[in-house]
S.K.: 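Here it is, the structure in full.
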There are 2 protein chains.
Amino acid sequence: MSVQNNRDDKDRADEPVTSSAGIDAKDVAILNLLEADGRATLSQLAKATGLSVSAAQSRVQKLEKRGIIRGYAAVIDYERSGLPISAFVSVTPLDYTRESEIPNKLHDIDGIISCYSVAGAPSFVLLVRVASPSKLEELLNLIHRTVPVSTESTVILKTYF
Amino acid sequence: MSVQNNRDDKDRADEPVTSSAGIDAKDVAILNLLEADGRATLSQLAKATGLSVSAAQSRVQKLEKRGIIRGYAAVIDYERSGLPISAFVSVTPLDYTRESEIPNKLHDIDGIISCYSVAGAPSFVLLVRVASPSKLEELLNLIHRTVPVSTESTVILKTYF
DNA sequence: CATGAAAAAGCGGCCGC
DNA sequence: GCGGCCGCTTTTTCATG
């Protein structure tokens, strides 16, 4: 892992999004394009960025190797695909000495989409997705059986964007 | 990566409930594969599902036309790409008569990734991503100038998955 | 880093079952 | 609706300047 400089994070109005070392404006353009269309071809990227195909290719490969592009995924409408209920689950450990084990244990539980460690009262926030309210209850029970935590769920009524 | 469907008693999401979802097990398999690898080819999907290429093709096309597959996107590590700070922002309207306008007004603000309407005390939860702490402050100020709300931010320390 | 080639692969439409 | 075949197009890759 590259240890980066402790450059002051004062905002500079001329670089709105780009700041990480080694990422220039064209890399950002490529990332944005690939985020909007993960199946964009190298020639599309080249044309949009004003680069040649081979230059675009080497940039994409570097972005992939550096882990900035983690992969590619289909964007799925879960509401239409059989998992209509999403919720945030705030997770507070009952035993803080074992806090660090929690994400690993939660990782393999079906229905838990994401796990964030957060600053504040609860230690973790989960994003979960289930097929029905009763499945949500099942999932919460499973979480409680898996790790010693208390939970508080906030059902998502609608995803605007 | 785990997927969904803790198959249990009460709810069956995979039955052809005629009106809404004609999604069978093979469609689910295709969705899972495409979610894990949005660049999977039709022949890969066919081989993995036991279908022929043309059958897989027609299924994918139907899933796309029905909007179940919304599109394809690169999965980007924002922490490495120059937007290291993510946070949940709970949004509580000060004026509930104009609550419904809020998501639309927030939609175009740079840095707001997602907007969820939730059941519970705050009306909305935002997922935001910014380049620095001061940019987060800027973003919150902008939100307050844009819509009459109070906010409460929870910074994400780490995204486990 | 741009250009140009060759090679490979995916895609889409046809057929019959 | 599914499976297999074939031709076309596109993309990728690798050479070179």
Side-chain angles (χ1 to χ4, degrees), chain A residues 2 14-15 17-77 80-82, chain B residues 1 3 5 7 12-77 80-82:
Chain A
S2 60
D14 50 313
E15 43 178 69
V17 175
T18 316
S19 65
S20 226
I23 301 203
D24 63 7
K26 285 176 179 170
D27 286 324
V28 173
I30 288 174
L31 290 175
N32 288 334
L33 288 165
L34 284 177
E35 192 180 14
D37 178 11
R39 291 195 156 179
T41 64
L42 292 176
S43 46
Q44 284 178 296
L45 297 177
K47 188 171 58 182
T49 56
L51 292 161
S52 70
V53 175
S54 60
Q57 182 186 23
S58 69
R59 280 175 182 267
V60 170
Q61 286 176 345
K62 283 180 185 174
L63 290 170
E64 289 170 347
K65 283 186 179 175
R66 293 174 61 186
I68 295 172
I69 295 177
R70 283 190 177 171
Y72 302 88
V75 181
I76 295 174
D77 187 332
R80 299 185 187 180
S81 74
Chain B
M1 270 329 176
V3 268
N5 265 333
R7 160 174 95 73
R12 288 278 175 86
D14 55 307
E15 257 189 352
V17 186
T18 42
S19 60
S20 57
I23 307 229
D24 62 8
K26 284 176 180 169
D27 286 323
V28 173
I30 288 174
L31 290 175
N32 287 334
L33 288 165
L34 284 177
E35 191 181 16
D37 178 11
R39 290 195 155 179
T41 63
L42 291 176
S43 45
Q44 284 177 297
L45 297 177
K47 189 170 57 182
T49 56
L51 292 162
S52 71
V53 175
S54 54
Q57 183 183 22
S58 69
R59 280 175 181 269
V60 170
Q61 287 176 344
K62 283 181 184 174
L63 290 170
E64 289 171 345
K65 284 184 180 173
R66 293 173 60 186
I68 294 171
I69 295 175
R70 283 189 178 171
Y72 302 87
V75 181
I76 295 174
D77 188 330
R80 301 185 186 180
S81 74

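All values below come from the heavy atoms of this structure, side chains included, with hydrogens, waters and symmetry mates left out. Residue numbers start from 1 in every chain, and the chains themselves are labelled A, B, ... in the order their sequence lines are given, proteins ahead of strands.
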S.K.: To the nearest 0.5 Å, how far apart are CG in A:Leu45 and CD1 in A:Ile30?
M.R.: 6.0 Å

S.K.: Among C:dC1, D:dT12, D:dC2, which nucleotide sits nearest the side chain of A:Arg59?
M.R.: C:dC1

S.K.: Can a side chain N or O of A:Thr41 be found less than 4.0 Å away from OP1 or OP2 on D:dT11?
M.R.: yes

S.K.: What's the CD-P distance between B:Gln61 and D:dG1, to the nearest Å?
M.R.: 12 Å

S.K.: Would you say the side chain of B:Ser54 and the base of D:dG3 hold a donor-acceptor pair, judged only by whether the two atoms sit under 3.5 Å apart?
M.R.: yes

S.K.: Tell me whether the OP1 or OP2 atom of D:dT11 has a side-chain N or O from A:Ser43 closer than 4.0 Å.
M.R.: yes

S.K.: Round to the nearest Å and state the distance from B:Lys62 atom NZ to D:dG1 atom C1'.
M.R.: 7 Å

S.K.: Specify the separation, in whole Å, of atom NZ of A:Lys47 and atom C1' of D:dT11.
M.R.: 14 Å

S.K.: Provide the closest heavy-atom pair for A:Ser43 versus A:Val53 in the form atom of the first, atom of the second, distance.
M.R.: CA-CG2, 4.0 Å

S.K.: Here's a test of your reading of the structure: between A:Arg39 and A:Ala56, which maps to the more 5' nucleotide of DNA chain C?
M.R.: A:Ala56

S.K.: Under 4.0 Å: is that the gap between some side-chain N or O of B:Gln57 and OP1 or OP2 of C:dC11?
M.R.: no

S.K.: Whole-Å distance between D:dG1 P and B:Leu63 CG?
M.R.: 12 Å

S.K.: Could you give the CG-to-P distance, from A:Leu42 to D:dT10, as a whole number of Å?
M.R.: 15 Å

S.K.: Are A:Leu33 and A:Thr49 side-chain neighbours, meaning at least one heavy-atom pair lies under 4.5 Å?
M.R.: yes

S.K.: Is there a side-chain contact between B:Arg59 and B:Lys26 (heavy atoms, below 4.5 Å)?
M.R.: yes

